[in-house]
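Below: one structure, written as structure tokens.
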Amino acid sequence: MTTATADTTTKNLYLTEDLILMLLNEESGFFYQVPGWALNCTVAGAAVAQLSLMNRVDSDTESLFLLDDTKTGDPVLDPILAEIAGEDERHNVQYWIERLAPRAESIIDSRLERLVEHGILLHHAGEFWTLAPNMGQLDEYMSSRDGSVVDFVRTRISRVIYENELPDPRDMIIISLVNACGVMGYIFELDEEARKRVEFISNLDEIGRSIGNAVTQSVAAPLLQRPPLTKPVPKAPLRDLLFNKHMREGNLPALFADLAAKHGPVFEMTPPFQKERTIYLASPETNQWAHKHGRMHFRAKEYFQRLEEIYGVSRSIHSMDGADHFRYRKAMQPSYSRESLTNRIAEVQRNARTHLATWKVDDKLKASSDLRVLMNTQISPLLISTETQDIINDVIDYKVRALNVGLLKVLPNFMLHTPTVRRKAKMVTELIERIQRTHTPAQRLGKPQDVADGYLGLNASDPQFLPESDLNVPLGTMLMASMYLGDQLGLAMYALVSHPDLYARVTAEADALFANGEIDGEDIRPQNIDVTHRVLMETLRMYPIVAMAMKHIMNTCVVEGFELPVGARVVVASTASHYMKDVFPEPLRFDIDRYLPPRNEHLSTGYAPYGLGTHACMGFRWSEVQLALNMLMMVHYFKLEFATKPPKRIINSFPSQSPSNKIVFRIAEQRHELHI
């Protein structure tokens, strides 16, 4: 199969792919929601119908029967064909749809991958899909009458419905399937005449009619739509939390791994000083479930509501879900891309060197606060084109306090109103005013777009979607990137200084890269910085900055056989699997060879340092480059060692995991001169 082009015909698409394209809702980046069993039956029906179109099976009112058991060459269809061929007794179409329905999820995954491979769909971070740009020109669809891929399936179907075009068998089947699962009215505006036309077409083709009826009848079976038996969620006693050694060490991923080992992948616990029921998901399997299905069942609104009140906004990207969240991410993604950083890599290095030039031999560096400041020398120009070194600590301190009060609720409300905190809150206002002063049209003319430009541009283009009154969160918290990246760098340097052999290998890579002066963005690729890259990967496994995500359940769901009720709070402990022995053997050991073949321990949903699903970190590619660049520069120009013996508790857990400021490095040697 060749990559999709304008002359690729629709016969190269399977019916299941046509169905997926029909169900795609580009506004939300996902698919029109069909109840789980209904979708499974519809997908199974499409697979059976494909075998019919390929003359492998046929049906009548009584049964589905085999015509030809010759393999199709398709890894999805051939096992189904073999199963049908291996059955001695004949069964009707409904029987086969229900029998094959459990395969639906793997069929969908396979077909989505194929649509991406052939350039028809784009897959975005967070499990979003959109039609590829060359597939998105409706003029091409409407002018194309030759059945090409450019003649998008939805346009073909609309012609059949509204223009009374004679449908071919595959379009009859698609109309029958989509009509059977009940979403035709969401895709097209159907008046009475159009509805009659849909019903008429659905009954034209024998196999399509049989499958449509079978899907409808199967969907109507209530016992099949929801598991009749679910297990009670185990309750973990509070003592299991309070007396756990990893809790005392501040290592939340390891704590959650221990709790899951004792109570299973789904368990309930009420955190200290809180009354709200909280259910925890902690395993590679629950990671996979949350990544793929969380958007239909979880929402973030309640969790972020208090924080948004503190900042005086009605909503933010953190609390959005569904179509609005997808639109927000899609609009801002270019600003957070890897390319937006690598295109300015020379500027980033100059700013970093300017700050590194202030470091002297015997200076002491705190793993958290000092490396946050180093990161801000680069982040501030990149994100907001504004000088902020004088206020960065106050802005971060205020956000940390707001998170602890508003999100985690580990501090009482009055802690937001002390004189010191009120002074720091004014620095957030000062930050926003500085951004606005430096982002007038005249001052931004001819300059590379930064992230603040992206937010202000979104406000200008659609002030209802992102009103000026809601800019306080994106603008006022943008420098938190300096905190998160600085903290992750601090933990990476802690790991590196703790392992002198790795320190020497990373230094050798850095010296080779900087041998000819500055490096460019293409140099910072895993193949060029193999050891550095794997050190960072292992740091992200053992010391991830974001260990979990908190949400509320908006639709009842069943996860690993446990029913999660509406209204309960859920913690997706995505990094718990980082400390599970069956996923990462010897999880307490810092081992960068995990990421080499044949081990490849990271190639699963058990490795999730950037979160999961629709709310996964949007700038993770950016952060990978920036962390690597700073680590390489630090070891190239300086030799670091511990100034004092590191504390037993190296991590502060709240509001995010960060290195203890009791981890202090000493500059033992300046290895190369800094040219500014």
Side-chain angles (χ1 to χ4, degrees), residues 1-2 4 8-23 39-85 87 90-97 99-101 103-104 106-108 110-112 114-115 118 120 145-149 151-157 159-161 165-181 198 200-216:
M1 187 76 66
T2 57
T8 303
T9 60
T10 54
K11 68 182 180 181
N12 289 329
L13 290 182
Y14 293 107
L15 275 170
T16 41
E17 293 166 338
D18 271 354
L19 179 65
I20 286 170
L21 293 175
M22 278 288 286
L23 295 178
L39 179 61
N40 291 350
C41 288
T42 304
V43 170
V48 171
Q50 183 68 56
L51 289 172
S52 172
L53 291 177
M54 300 171 83
N55 297 315
R56 298 304 198 275
V57 300
D58 203 350
S59 71
D60 54 30
T61 56
E62 300 295 328
S63 63
L64 179 82
F65 48 88
L66 183 70
L67 296 177
D68 181 359
D69 63 359
T70 304
K71 289 184 177 181
T72 67
D74 177 64
V76 168
L77 295 176
D78 284 343
I80 295 174
L81 180 62
E83 191 168 341
I84 294 172
E87 189 75 12
R90 282 192 179 185
H91 303 283
N92 63 18
V93 176
Q94 181 177 344
Y95 168 89
W96 280 107
I97 286 175
R99 179 165 162 175
L100 297 170
R103 297 174 181 254
S106 63
I107 292 173
I108 292 171
S110 175
R111 295 314 191 207
L112 282 170
R114 189 171 181 271
L115 288 167
H118 289 268
I120 297 170
R145 297 278 170 166
D146 62 358
S148 68
V149 167
D151 186 9
F152 182 46
V153 59
R154 204 174 299 169
T155 306
R156 288 195 341 253
I157 299 302
R159 290 182 189 145
V160 172
I161 296 172
E165 285 196 2
L166 184 65
D168 64 20
R170 70 182 295 126
D171 287 346
M172 294 180 197
I173 295 170
I174 286 293
I175 290 172
S176 178
L177 289 169
V178 175
N179 188 46
C181 65
V198 167
F200 172 73
I201 294 168
S202 297
N203 287 286
L204 280 177
D205 180 76
E206 176 66 31
I207 189 74
R209 180 169 63 252
S210 298
I211 291 173
N213 290 338
V215 168
T216 303

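Within the 4.5 Å cutoff, the side chain of L77 has heavy atoms near those of the Y14 side chain. Looking only at side-chain heavy atoms (C-beta outward), L39 and L23 come within less than 4.5 Å of each other. In this structure, I201 and D171 have side chains that are not in contact, with every pair of non-hydrogen atoms separated by 4.5 Å or more. Residues R170 and R156 form a side-chain contact, since some pair of their non-hydrogen atoms from C-beta on lies under 4.5 Å apart. The closest side-chain heavy-atom distance from L81 to L66 is below 4.5 Å.
Here the CG-CG distance, from L13 to L19, works out to 12.0 Å after rounding to the nearest 0.5 Å. For the atom pair CZ (R56) and CG (L67), the distance works out to 10.0 Å, reported to the nearest 0.5 Å. D68 contributes atom CG, which lies 10.0 Å from atom CE of M54 (distance to the nearest 0.5 angstrom). Note that the CD1 atom of I161 and the CD1 atom of I175 stand 5.0 Å from one another [nearest 0.5 Å]. Separation of atoms CG (L177) and CE (M22) is listed at 10.0 Å; rounding is to 0.5 Å. Distance check, rounded to the nearest 0.5 Å: OG of S59 to CD of Q94 gives 13.0 Å.
The minimum heavy-atom distance between D78 and G73, with the atom names listed, is OD2-N, 3.0 Å. Residues T16 and A47 share a closest heavy-atom pair of CG2-N, 4.0 Å. The nearest pair of heavy atoms linking W96 to I84 is CH2-CA, 3.6 Å. Contact detail for V76 and S110: the closest heavy-atom pair is CG2-OG, 3.3 Å. The minimum heavy-atom distance between C41 and A101, with the atom names listed, is N-CB, 4.3 Å. Closest heavy-atom contact between D74 and P79: O-CD, 4.3 Å.
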Decide yes or no on side chain to side chain contact (heavy atoms under 4.5 Å, CB included) for V198 and V178, but give the supporting numbers first.
CA-CA 10 Å; V198 167; V178 175; over 6 Å; no
Derivation of the side chain to side chain contact (heavy atoms under 4.5 Å, CB included) call for L53 and I173:
CA-CA 10 Å; L53 291 177; I173 295 170; 4.1 Å; yes
Would T72 and L51 count as a side chain to side chain contact (heavy atoms under 4.5 Å, CB included) here? Give the steps.
CA-CA 9 Å; T72 67; L51 289 172; 4.1 Å; yes
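Here the side chain of S176 pairs no donor or acceptor atom with the backbone of M172 at under 3.5 angstrom. Without hydrogens or angle criteria, Q50 side chain to L15 main chain gives a donor-acceptor distance under 3.5 Å.
With sequence neighbours excluded, no residue forms a side chain to side chain donor-acceptor pair (under 3.5 Å) with N203. Partners of S106 according to the side chain to side chain donor-acceptor pair (under 3.5 Å) rule, which considers only residues two or more places apart in sequence or in another chain, do not exist here. Residues forming a salt bridge (charged side-chain N to carboxylate O under 4.0 Å, His left out) with R103 (at least two apart in sequence, or on another chain): E83.
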